[in-house]
Amino acid sequence: MPNAVVARAPVRGFDAGGWTDTWFSGHGAVCHLALAPGAEVLARVLGHTDGASADVTMRVAAYGDHYRFDPDRAPGRHPLLEAVIRRWAPRGSCLEIHVSSPVPAGSSLGTSAAVTVSLLTAMRGLADDPAISGPTWAAEVARLAHEVETNDLGRQSGVQDQVAAAFGGANLVEVSPYPEFQVEHLSLPPKTVELLNNRCFTVYLGAMHDSSSVHSTVIAGLEADRHRAEDLLAPLREAALRAAQALAAADLGAYGDAMSSCTRSQAQLHPSLVNPLAHEIIARAERFGAAGCKVNGAGGPGGTVSIVGPEDPEPLKAALRELAGVSTLDLTPCPNGAHLADAS
């Protein structure tokens, strides 16, 4: 068994078709980009315990939190992380675990899924699980991470965040029926990668959000009228297909249009999903000639907006940073999904 491992996984943005990967949609399509840097977990084995459980020291940088616990009697300070450790930590081991990400918590970029996938990968790495380097690992870890969030913790969650963290790259995710998924990896031409790096960026609105509570609010409004729900979800699925086609064609104009179409459809699901600051960001982006904007994830208060910018996005970035609380995140498309890195 290794004494130390480092596991990394990307976050995701530009999620055309988000909301259709949920249980109440039943089936869906999402086109997203994995973005780096995402989440990183350093896990060390410091020794062994006398009992069957583990002795875990956890450091969660984003919250400045540091505590020690027995996974069988977890304190609930970080329930998602503790649930992964309870399931997969090597029994009888003294562990030190560092969890970090430069992406703000609650940024609607699937950070919790990236952390979950990274931590699960690290735990299996400590167990020297050969599956991590196998061809089916990405699908397996995505399903397991989603299972922890929904079954173990009872949270509302689509499947695309875990897929992005596990697979990396650009993906068209077909969900049918929920929570089953098929991933079509989009092989991007070099021209497309260059355009994405030069023109696409994400802005943080300065406040975190709770995607599970946002899901619950929207679902409550749609359950009573399934016909209306389907009418609202269908354009999101269609936009995901258009986004994938645009990426394959290196057409950032069409790609941006698909993103903006999704944002308008989100607002149709519930007006609160596109908050006033997001509306202001979108308006400024349009004035500077941006091709399109996507309110990421579930939307609602706080979070982020990903922007397909004009040929020179720097003046737009400067104008957006003038808004109170708004900052640009240093994220770029990431071809790699969850993996073990050099622990040295």
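FYI, side chains are in, hydrogens and waters are out, and symmetry mates aren't considered; it's all heavy atoms of this structure. As the structure is a computational prediction, the values presented were derived from the model and not from experiment.
For the pair V5 and R44, the minimum side-chain heavy-atom distance is 4.5 Å or more. The closest side-chain heavy-atom distance from S265 to L236 is below 4.5 Å. A 4.5 Å side-chain heavy-atom check between T22 and Q156 finds every atom pair outside the cut-off. Annotation: side chain of L196 is in contact with side chain of Y255 (closest heavy-atom distance under 4.5 Å). No side-chain heavy atom of R143 sits under 4.5 Å from any side-chain heavy atom of E147. The shortest side-chain heavy-atom distance between L323 and E280 falls under the 4.5 Å cut-off. A heavy-atom distance below 4.5 Å is found between the side chains of H32 and V173. You'll find the side chain of S25 stays beyond 4.5 Å of the side chain of W19, heavy atoms only.
For P10 against A114, the heavy-atom pair with the smallest separation is O-CB, 3.3 Å. What you find for P2 and L126 is that their closest heavy atoms are CD-O, 3.3 Å. Residues A145 and Q162 come closest through the heavy atom pair CB-CG, 3.8 Å. When all heavy atoms are compared, the tightest approach of V11 to P37 is CG2-O, 4.4 Å. Shortest non-hydrogen contact noted between A239 and C262 is CB-SG, 3.4 Å. The heavy-atom pair separating A243 from A16 by the smallest distance is CB-CB, 3.9 Å.
Checked against the 6.0 Å centroid threshold, F181 and H146 do not count as a close aromatic pair.
When only modelled atom types and interatomic distance are considered, T304 and S108 share a side-chain donor-acceptor pair under 3.5 Å. For the residue pair N171/E184, the side-chain donor-acceptor check at 3.5 Å is not satisfied. Using modelled atom types, one finds a donor on one side chain and an acceptor on the other under 3.5 Å when comparing S306 with T202.
Checked by atom type and distance alone, the side chain of T116 pairs as donor or acceptor with a backbone atom of S112 at under 3.5 Å. Counting only distance, with no hydrogens or angles, the side chain of N296 and the backbone of L109 share no donor-acceptor pair below 3.5 Å. A donor-acceptor contact shorter than 3.5 Å is absent between the side chain of S93 and the backbone of L95. Judged by distance alone, the side chain of N275 and the main-chain N or O of A278 form a donor-acceptor pair under 3.5 Å. The main-chain N or O of A254 is found under 3.5 Å from a side-chain atom of D251 such that the two form a donor-acceptor pair. Although no hydrogens or angles enter the test, the distance criterion places a donor-acceptor pair under 3.5 Å between the side chain of R237 and the main chain of H27. Using a distance-only test at 3.5 Å, with no hydrogens or angles considered, a donor-acceptor pair links the side chain of H279 to the main chain of V274. Using a distance-only test at 3.5 Å, with no hydrogens or angles considered, a donor-acceptor pair links the side chain of N197 to the main chain of V193. Between the side chain of S118 and the main chain of A9, a donor-acceptor pair closer than 3.5 Å is present. Side-chain atoms of T121 come within 3.5 Å of backbone atoms of V117 as a donor-acceptor pair (strictly under, hydrogens ignored).
Both Y63 and M58 sit in one connected hydrophobic cluster of ILVMFWY residues. Membership requires side-chain heavy atoms under 4.5 Å apart, directly or through other members. Grouping the Ile, Leu, Val, Met, Phe, Trp and Tyr side chains by contacts below 4.5 angstrom, directly or via other members, places I281 apart from M259. The hydrophobic clustering, which links ILVMFWY residues whose side-chain heavy atoms are closer than 4.5 Å, places V295 and V308 apart. L46 and I85 fall into different hydrophobic clusters, where Ile, Leu, Val, Met, Phe, Trp and Tyr residues are linked whenever their side-chain heavy atoms come under 4.5 Å apart, directly or through other members. Under a hydrophobic clustering in which Ile, Leu, Val, Met, Phe, Trp and Tyr are joined whenever their side-chain heavy atoms come within less than 4.5 Å, directly or via other members, V41 and V141 fall into the same cluster.
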(request) Step by step, work out the side chain to side chain contact (heavy atoms under 4.5 Å, CB included) result for W88 and V148. (result) CA-CA 11 Å; W88 288 288; V148 169; 3.6 Å; yes
(message) Evaluate L233 against L269 for side chain to side chain contact (heavy atoms under 4.5 Å, CB included), listing each step before the verdict.
(response) CA-CA 8 Å; L233 293 167; L269 283 174; 4.2 Å; yes
(request) Could you go through the side chain to side chain contact (heavy atoms under 4.5 Å, CB included) check for H98 and E40 one step at a time? (result) CA-CA 8 Å; H98 297 252; E40 179 177 290; over 6 Å; no
(request) Test side chain to side chain contact (heavy atoms under 4.5 Å, CB included) on T20 and V175 and set out the steps. (result) CA-CA 8 Å; T20 71; V175 182; over 6 Å; no
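The distance from atom CZ of R8 to atom OG of S101, rounded to the nearest 0.5 Å, is 12.0 Å. Considering SG of C200 and CG of L33, their distance stands at 7.0 Å, rounded to 0.5 Å. Atom CZ of R12 and atom CZ of F14 lie 11.5 Å apart (nearest 0.5 Å). Taken from OG in S107 to CG in L205, the straight-line distance is 10.5 Å, to the nearest 0.5 Å. I282 contributes atom CD1, which lies 9.5 Å from atom NZ of K294 (distance to the nearest 0.5 angstrom). Rounded to the nearest 0.5 angstrom, L144 CG and W137 CH2 are separated by 7.0 Å.
Within a 6.0 Å sphere centred on CD of E230, other residues, nucleotides and ligands contribute more than 12 heavy atoms. By the neighbour-count criterion of 12 heavy atoms within 6.0 Å, atom CZ of R87 is densely surrounded, having more than that number from other residues, nucleotides or ligands. Within a 6.0 Å radius of CZ in R287, more than 12 heavy atoms belonging to other residues, nucleotides or ligands are found.
Note that R59 lies outside the cation-pi zone of Y67, set by a 6.0 Å cut-off to the ring centre and a 45° limit from the axis.
Using a 4.0 Å cut-off between charged side-chain N and carboxylate O, D257 and R242 make a salt bridge. Note on D231 versus R228: no salt bridge recorded, every NZ/NE/NH1/NH2 to OD/OE distance being 4.0 Å or above. Between E82 and R86 there is no salt bridge, since none of the side-chain N atoms of the basic residue sits less than 4.0 Å from a carboxylate O of the acidic one. Here D72 pairs with R91 in a salt bridge; the nearest charged N to carboxylate O distance falls below 4.0 Å. With respect to K317 and E314, a salt bridge is recorded, a charged nitrogen being found less than 4.0 Å from a carboxylate O.
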